Amino acid sequence: MKKTMLAANWKMNQSCESMTNYFAELKKLTDLEQASKCLDLIFAVPFTLLPQSKNVCSDLPLSLAAQNVHWEASGAYTGEISAAMIAECGVTHCIIGHSERRQYFNESNEQISKKIAACLSAGIKPIFCIGETLAQREAGATEETITNQINSVLAQFNHDQITEMVFAYEPVWAIGTGLAATVEQAVEVHAHIRKLIESNANASIAESAIILYGGSVKASNIASLVREKHIDGGLVGGASLNADSFSNMIAEAIKVSKINL
Ligand code: PGA
């Protein structure tokens, strides 16, 4: 049985001080040792907070992630950060291809593939984001959009590499809107993603792949999502910014954990 993964995406939020207070509060509110028996907890913090977060979290059973990376190993790329640099900060995962990056920074499937390759060669697991816009859903093009996003990337990788990836289905219309996908909508797309992983790799890799749902995940809807067979966890933006609400979410996820404590 898989652990449920809860990945907090802090986006461009928090400071050194608020991060330190957050983890102190989370530790008080939640028995993290107990939670870690059935949950994988990951915090994607801004680049500038990574070194300090590594110190603050050194004795906590949780992992750190970056929110982006550049695909080149080093060189004249002013303002960019390489996979080796984030690995040095203790990062185990990196969000790649978030819809905000696709939308505001024109990230293409080709660039996303290169970023995933850079992560894999640095031993970092990419959290590969896919999702349709509202216009695509309304045009009946959800399945086609997801298929294109997944196939164009997975075609570049072998089975061992696909095994290292985490997938995050994030309908763009559900991100930061308070309007989460229904459980039925999420399950339908997750099942489709699993089939695509199977066709690009094999049935056993697809079965064990972690597929997160993201988009207005809250303490009040996490349980209904992660109790579903095809939904292995959540990628959480707004509701992860406050230790109290994230701690409530952890408690809800534990209640429906697929691992019996
Ligand atoms: P949200 O963001 O939980 O605030 O909707 C999710 C995300 O963008 O990863």
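Indexing begins at 1, ligand by ligand and atom by atom, following the structure's order. All values reported here derive from a predicted model rather than from experimental measurement. Note: hydrogens, waters and symmetry copies are ignored here, and every other heavy atom, side chains too, is used.
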Test: E72 and K114 ion pair at under 4.0 Å: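 Salt bridge absent between E72 and K114.
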The single option from H190, E188, R194 passing side-chain hydrogen bond (donor to acceptor under 3.5 Å, both in side chains) against H230: R194
Residues that E228 engages under side-chain contact (heavy atoms from CB on, under 4.5 Å), provided they are two or more places apart: V183, V187, I231
Side-chain donor-acceptor pair present, T142, H192, cut-off under 3.5 Å: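 Side-chain D/A pair, T142 to H192: absent.
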With D59 via salt bridge (Lys or Arg N to Asp or Glu O under 4.0 Å) - residues at least two apart: K27
Sorted by chain and number, the residues that approach ligand 1 to under 4.0 Å with a heavy atom: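 Within the 4.0 Å shell of ligand 1, which is judged on heavy atoms, sit N9, K11, H98, E170, A174, I175, G176, G215, S216, L235, V236, G237, G238.
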Pairing residues for H70 by the ring pair (Phe, Tyr, Trp, His ring centres under 6.0 Å) criterion, not counting sequence neighbours: Y77
